[in-house]
Amino acid sequence: MRIRFLGGPSGGQGSPRLYATDRDTFAVQGWKTDRADQVEIPHRLLAHTEPGTAVSGLVDTGRGTFLLIGAPLIDPDALAVMRIPGHETAVEVPITREMTPDDPHPAG
C-alpha cells in the first residue's frame with residue numbers, strides 16, 4: 001500500500017495524522033482505545049481531509065475527540081512510513097464523498 005501524508009494537528013512531526021492511500025481509503029493514525037479496530041482522534045484532524053471528501057463512522061466523545069472504527073492497519077510498508085508511537089495505532093477507513101443537507105444528489 002502506498003500512502004500520502006495529508007496532515008496532522010501538530011504539524012509534520014506530530015500526531016495523530018491522516019493519510020490517503022492508493023486504495024481509496026484513509027489511513028487514520030490515532031490514540032489507542034480498548035479495541036484493536038478503533039482509534040481516538042482530535043476533531044481538528046478532519047481539517048486535513050481533501051476537498052469533497054469525508055470520514056464516515058465518527059462518534060463524538062463530547063470532549064473534543066472522535067472515536068473511529070476501521071480495519072486495523074497491518075501493511076508493513078505503510079507502517080514503516082508512519083512510524084507510529086507505542087500509545088497510538090492506525091485504522092483504514094473508506095474515503096466517502098462530502099455531503100450537505102441541500103445536496104441535489106443525495107447518496108442512496
Quiz item: Looking at side-chain heavy atoms only, is the closest gap between Arg4 and Tyr19 below 4.5 Å?
Solution: no

Exercise. Please check if Trp31 and Leu79 belong to a single hydrophobic cluster, counting links between Ile, Leu, Val, Met, Phe, Trp and Tyr side chain heavy atoms closer than 4.5 Å.
Key: no

Exercise. Kindly write out the residues that satisfy side-chain hydrogen bond (donor to acceptor under 3.5 Å, both in side chains) with Thr21, not counting sequence neighbours, or none if the list is empty.
Key: Thr25

Exercise. For Asp34, enumerate each residue passing the side-chain hydrogen bond (donor to acceptor under 3.5 Å, both in side chains) test, keeping only those at least two apart in sequence or located in another chain.
Key: none

Quiz prompt | Closest heavy-atom pair and its distance - Thr96, Ser56 | solution = CG2-OG, 3.6 Å

Pairs under 3.5 angstrom only: tabulate donor-acceptor contacts from the side chains of residues 64-76 to other protein residues two or more places apart or in another chain.
| residue | atom | partner | partner atom | Å |
| --- | --- | --- | --- | --- |
| Thr65 | OG1 | Glu40 | OE2 | 2.6 |
| Thr65 | OG1 | Thr61 | OG1 | 2.6 |
| Asp75 | OD1 | Asp77 | N | 3.1 |
| Asp75 | OD1 | Ala78 | N | 2.9 |
| Asp75 | OD2 | Met1 | N | 3.2 |

Quiz prompt | side chain to side chain contact (heavy atoms under 4.5 Å, CB included) between Val55 and Leu46, worked out | solution = CA-CA 8 Å; Val55 177; Leu46 300 181; 4.0 Å; yes

Quiz item: Could you give the distance from CZ (Arg23) to CD1 (Ile3), rounded to the nearest 0.5 Å?
Solution: 11.0 Å

Quiz prompt | side-chain hydrogen bond (donor to acceptor under 3.5 Å, both in side chains) against Arg2, all qualifying residues, sequence neighbours excluded | solution = none

Quiz item: Does any non-hydrogen side-chain atom of Leu45 lie less than 4.5 Å from one of Val28?
Solution: yes

Quiz item: When you measure from the side chain of Lys32 to the backbone N and O of Gly86, does any donor-acceptor pair fall under 3.5 Å?
Solution: yes

Quiz item: Does Leu18 share a hydrophobic cluster with Val81, counting links as ILVMFWY side-chain heavy atoms below 4.5 Å and allowing steps through other members?
Solution: no

Exercise. Drop me the distance from Ile41's CD1 to Ser15's OG, to the nearest 0.5 angstrom.
Key: 12.5 Å

Self-check item: Pairwise side-chain contact, Pro16 with Pro42, heavy-atom cut-off 4.5 Å (strictly under)
Solution: yes

Self-check item: Contact check, side chains of Val39 and Thr89, non-hydrogen atoms, under 4.5 Å
Solution: yes

Quiz prompt | With Thr49 via side-chain hydrogen bond (donor to acceptor under 3.5 Å, both in side chains) - residues at least two apart | solution = none

Self-check item: Main-chain N/O of Gly8 paired with His48 side-chain donor or acceptor, under 3.5 Å
Solution: yes

Quiz item: Hey, any chance Val93 and Val59 share a hydrophobic cluster, counting ILVMFWY side chains that come within less than 4.5 Å of each other, even indirectly?
Solution: no

Quiz item: Residues two or more places apart in sequence or in another chain: which of them pass ring-ring contact (aromatic ring centres under 6.0 Å, His included) with Phe26?
Solution: none

Practice problem: Indicate yes or no: does Glu88 engage Arg83 in a salt bridge with an N to O separation below 4.0 Å. | Solution: no

